[in-house]
Q: 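Just passing along the structure, written as structure tokens.
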Amino acid sequence: MKIKALFAVLAVPVMAIAAEVKSPNGNVVVNFSVDGNGRPVYEMSYKGKTVVAPSHLGLELAKDKHASKGMDETNLLDGFKIKKEETSEFSETWRPVWGETSAILNHYNEYAATLLQEKEQREIVVRFRVYNDGIGFRYEFPQQKNLNYFLIQEEKTEFAMTGDHTAWWLAGDYDTQETETQETKLSEIRGRLKQAVNWGNSSVAVFSETGVQTSLQMKSADGLYINIHEAACVNYATMHLELIDEQTKAFSTKLEGNSNAYTPWPKPSVCPLPKPFTFVSHLTPDATGLKGCMQTPCQSPWRTVMVSDDARDMLSSNLILNLNEPCALDDTSWIHPTKYCGVWWEMIVGKSSWNYTDDYPSVYIDKVDWNSVKPNGRHAANNEKVKRYIDFAAENGLDQVLVEGWNIGWEDWANMWKRDVFDFVTPYPDFDIKMLNDYAHSKGVKLMMHHETSSSTQNYERHMEKAYSLMNKYGYDAVKSGYVGDIIPRGDHHYSQSMNDHYLLCIKEAAKHHVMVNAHEAVRPTGLCRTYPNLVGNEAARGTEYEAFGGSRPDHTVILPFTRLQGGPMDYTPGVLETQLKTWSDNPNYVHTTLVGQLALYVTFYSPLQMAADLPENYAKYMDAFQFIKDVAVDWDESKYLEAEPADYITVARKAKGTNNWFVGGKCDENGHKSVIKLDFLDKGRKYDCTIYADAKNAHYETNPKAYVITKKVVKQGDVLKLTEAPGGGFAVSLIAR
């Protein structure tokens, strides 16, 4: 069903007027106007409560040395009049290639204001889409004589909060999201910032003491859940948020009147600093310091604000996906959800290595006779080991086997700013690429390719066609790519406009070769998987690997669905059942969940790409629990969020695609949780074989993580399950229809 109706097109006088647009159910209301200085202003409410107080919109442009005479005005902040307004309604139901549900409703009311800067004779359009669960708005730049090519110095979009909300946030950083989420009041962000940064990451670029990343989750004192993010980030820099707090306001006031002092805003008399508890957009710069190089016609990504008085609505929202363009691929038959294992975890914990030899601290990959070098004896990507993983995958119904460290160049790959680091086609001597792929295919399994770029995008783009062609030759249909370290070209950042263009180029080129992409250390997703569904996963957050580096707090996994997962699925790599790493390696660390808590993640973390991350020999110790990993689906017809509270607990029920089978997962923080699950979602009149994987009574993620109980029973619609989650624990339930 698709309905599109144009309600009105109004030519209006050149004077400030106010417009109101409501969501289809009337709960969300946006007001838009232009103030006395010609500055665009919007505000947002939900069920009569203010969500975003009056906030200004606009952009500051950089002066272009190539600009024509008379084009020195770089202000797209003020001096506007409303030239035209348009309103419309849109409703459609679309079907994703893969997803949490088989069908998604996209229903919104739209308002677009064409704004004219009379002095400069420039026009921009501000477009709002108002949904029942939030809003999206963006800037559009029609092609025009006085705004053709332009440079962005900064975007100045404001999000004025109504109070000192509780926030779950990551430190603003141009290069990494691999940190633990902080939970503080807005007023406490400045004081927490330094300890919130992962200073040991391979690439760090913090820009402000009050800078945070999106997706930003908040909760107000009066019970509103508010989330700020962005959608459809294409040919544009990734947006961060910079909080205006009392200290910023006081500092700015001292500088007012000092014409030589820096203030965050141009023309203070026209654009005063916003009130405290206001977030201002802050774009990621490129190596030159610019935030965007634009050519009209063009537009910004959508800036999104989700809102509800029920935390479960935040998790079930499709607002980000809906604001992206429909699928751009004519044929998607080759794209498929995937469950995989891989040669990876043993390198992460330090037992094995990616590199083949220790004799070359500096490598020119085309000048080494790899058949004559001395192996270090720890190289994991070898024929014998990979065959064991293939056998394990085949025996347990897993689709693919990831192999990292198969290709030459790992001896000096990281943190050297080395451009020519990998060629992505030449295997080490102990990795027979043809034999192993033939062996995998004979077992009904595929190998998953690995392309670590070491952030040398120039090198990767030069080799990309040959790399994807090699995959086609041997039957690979999925690649895990990586961007560890500082970006080359040197001085650029992971989330700049140029890097976002690079990531999208990889996805588009991969699609031509029928290759699915799972990018690690890349930009955080903004729903582009709707347009390019071969983007089956991203990392873009602190994943399971950090459990081997000291661990993540137990609440980490019950925050990420509210933040990072809003923009798209994450390759979190769950399933580490041998949570105490010292039992099989020299690594003293442990996974900060119970064993059953690891099972729960296959349901609470939606992804069409799910890894069974542990070693086959570790799964052999817990095959009764591993059964859930074998059984659980990776694609769904329905998803129901039964319980949710940020950083505390999440309970989700999902119906496997094309079946009557359901799977339920519950995960909690360090405090534990008691769940009461009403099986109202089951089919009436049908019985289900129910298997419950639960924490034992004395289970605890620190002291007794591997204590679990498996219970089997027959259930029907209306039955109730009462389950107790241990500290750092969870539960997993399979409901197989008879």
Side-chain angles (χ1 to χ4, degrees), residues 59 138 151-155 157 169-179 181 196-198 201-208 210-216 228-242 279-294 300-304 320 324 453-458 460-461 481-507 517-529 532 535 537-543 563-568 570:
L59 295 94
R138 72 181 182 188
L151 305 176
I152 298 175
Q153 184 68 40
E154 188 60 271
E155 182 186 315
T157 303
W169 55 275
L170 297 182
D173 194 307
Y174 299 145
D175 284 305
T176 184
Q177 296 123 176
E178 296 182 358
T179 56
T181 305
V197 177
N198 180 10
N201 193 276
S202 60
S203 189
V204 177
V206 177
F207 63 85
S208 167
T210 58
V212 299
Q213 301 189 28
T214 66
S215 167
L216 173 67
I228 302 176
H229 195 28
E230 61 180 324
C233 186
V234 175
N235 192 28
Y236 206 84
T238 295
M239 180 181 73
H240 305 269
L241 301 171
E242 191 164 18
F279 288 101
V280 181
S281 60
H282 184 102
L283 303 183
T284 305
D286 62 18
T288 71
L290 288 171
K291 304 297 182 76
C293 302
M294 310 298 289
S300 74
W302 296 95
R303 280 61 187 98
T304 65
I320 302 293
N324 278 265
T453 71
S454 194
S455 285
S456 181
T457 61
Q458 293 173 329
Y460 192 39
E461 289 182 11
S481 57
Y483 293 87
V484 173
D486 292 332
I487 295 297
I488 302 174
R490 299 171 182 92
D492 205 347
H493 295 288
H494 280 72
Y495 317 135
S496 69
Q497 179 187 33
S498 55
M499 280 303 299
N500 288 341
D501 289 346
H502 166 82
Y503 302 132
L504 186 54
L505 171 68
C506 296
I507 295 164
V517 176
N518 166 31
H520 282 228
E521 297 89 28
V523 69
R524 50 190 172 273
T526 58
L528 287 174
C529 56
Y532 300 98
L535 178 59
N538 281 104
E539 184 189 38
R542 184 182 176 100
T563 53
R564 160 61 185 80
L565 271 69
Q566 291 290 355
M570 179 181 179

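Nothing here was measured: the structure is a model prediction, and the numbers come from that model.
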Q: Could I get the full list of side-chain contact (heavy atoms from CB on, under 4.5 Å) partners for Pro525, not counting sequence neighbours?
A: Asn538, Ala540, Arg564

Q: For Gly482 and Thr453, which heavy atoms make the closest approach, and how far apart are they?
A: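 In terms of heavy atoms, the two residues are closest at O-OG1, 2.7 Å.
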
Q: Determine whether a donor-acceptor pair (N or O, by modelled atom type, separation under 3.5 Å) exists between the side chain of Thr214 and the backbone of His229.
A: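 A pair under 3.5 Å: no.
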
Q: Could you give the distance from CD1 (Ile487) to NE2 (His502), rounded to the nearest 0.5 Å?
A: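 Here the interatomic distance stands at 7.5 Å.
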
Q: Please confirm whether the backbone N or O of Cys233 pairs with a side-chain atom of Thr526, one donor and one acceptor, at under 3.5 Å?
A: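 Judged by distance alone, yes, a pair lies under 3.5 Å.
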
Q: Leu565: which residues meet the side-chain contact (heavy atoms from CB on, under 4.5 Å) condition with it, sequence neighbours left out?
A: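 Leu565 satisfies side-chain contact (heavy atoms from CB on, under 4.5 Å) with Leu560, Met570, Phe605 only.
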
Q: Identify the two heavy atoms, one from Val517 and one from Ile507, that lie closest to each other, and give their separation to 0.1 Å.
A: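 Here Val517 and Ile507 meet closest at CG2-CA, 4.4 Å.
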
Q: Looking at OG of Ser481 and CD of Glu539, how far apart are the two atoms once the value is rounded to the nearest 0.5 Å?
A: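 Result: 10.5 Å between the selected atoms.
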
Q: Can you see whether Glu155 engages Tyr236 through a side-chain donor-acceptor pair at a distance of less than 3.5 angstrom?
A: yes

Q: Drop me the distance from Asp173's CG to His494's NE2, to the nearest 0.5 angstrom.
A: 9.5 Å

Q: How long is the span from the CZ atom in Arg490 to the OG atom in Ser456, to the nearest 0.5 Å?
A: 7.5 Å

Q: Would you call Val204 and Asn198 a side-chain contact if the rule is heavy atoms closer than 4.5 Å?
A: no

Q: Within a strict 4.5 Å, meaning less than it, do heavy atoms of the Pro301 and Val234 side chains meet?
A: no

Q: Taking side-chain contact (heavy atoms from CB on, under 4.5 Å) as the criterion, tell me which of Ile320, Thr238, Thr157 meets it with Glu230.
A: Thr238

Q: For Ser496, give me all partners under side-chain contact (heavy atoms from CB on, under 4.5 Å), at least two apart in sequence or on another chain.
A: Thr284, Asp286, Asp492, Ser498, Met499

Q: Of the options Gln497, Glu154, Met239, which is the one that meets Lys291 in a side-chain contact (heavy atoms from CB on, under 4.5 Å)?
A: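 The option that passes is Glu154.
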
Q: Within this structure, what is the CH2-OG1 distance for the pair Trp169 and Thr179, rounded to the nearest 0.5 Å?
A: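 It comes to 8.5 Å.
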
Q: Taking Ser281 for the side chain and Leu241 for the main chain, is one N or O donor matched with an acceptor at less than 3.5 Å?
A: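 A pair under 3.5 Å: no.
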
Q: For Tyr503, enumerate each residue passing the ring pair (Phe, Tyr, Trp, His ring centres under 6.0 Å) test, keeping only those at least two apart in sequence or located in another chain.
A: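 Only Tyr483 meet the ring pair (Phe, Tyr, Trp, His ring centres under 6.0 Å) criterion with Tyr503.
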
Q: Is the side chain of Gln213 donor-acceptor paired with the backbone N or O of Ala171 at a distance under 3.5 Å, no angle test?
A: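 Side chain of Gln213 to backbone of Ala171: a pair is present.
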
Q: Quick one: list whatever passes ring pair (Phe, Tyr, Trp, His ring centres under 6.0 Å) with Tyr460, sequence neighbours left out.
A: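 Tyr460 satisfies ring pair (Phe, Tyr, Trp, His ring centres under 6.0 Å) with Phe424, His451 once adjacent residues are dropped.
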
Q: Should Glu178 and Glu521 count as side-chain neighbours, where that means a heavy-atom distance under 4.5 Å?
A: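 Glu178 vs Glu521: side chains touch.
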
Q: Answer yes or no: is there a side-chain heavy-atom contact under 4.5 Å between Asn518 and His520?
A: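 Yes; the side chains approach each other to less than 4.5 Å.
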
Q: Can you tell me how far CG of Leu151 sits from CG of Leu290, rounded to the nearest 0.5 angstrom?
A: 5.5 Å

Q: Ignoring hydrogens and geometry, is there a side-chain-to-backbone donor-acceptor pair from Thr181 to Leu170 under 3.5 Å?
A: no

Q: Taking the side chain from Asp175 and the backbone from Ser203, do they hold a donor-acceptor pair closer than 3.5 Å?
A: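 Side chain of Asp175 to backbone of Ser203, a donor-acceptor pair under 3.5 Å: no, none is there.
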
Q: Residues two or more places apart in sequence or in another chain: which of them pass ring pair (Phe, Tyr, Trp, His ring centres under 6.0 Å) with His240?
A: Tyr174, Phe207

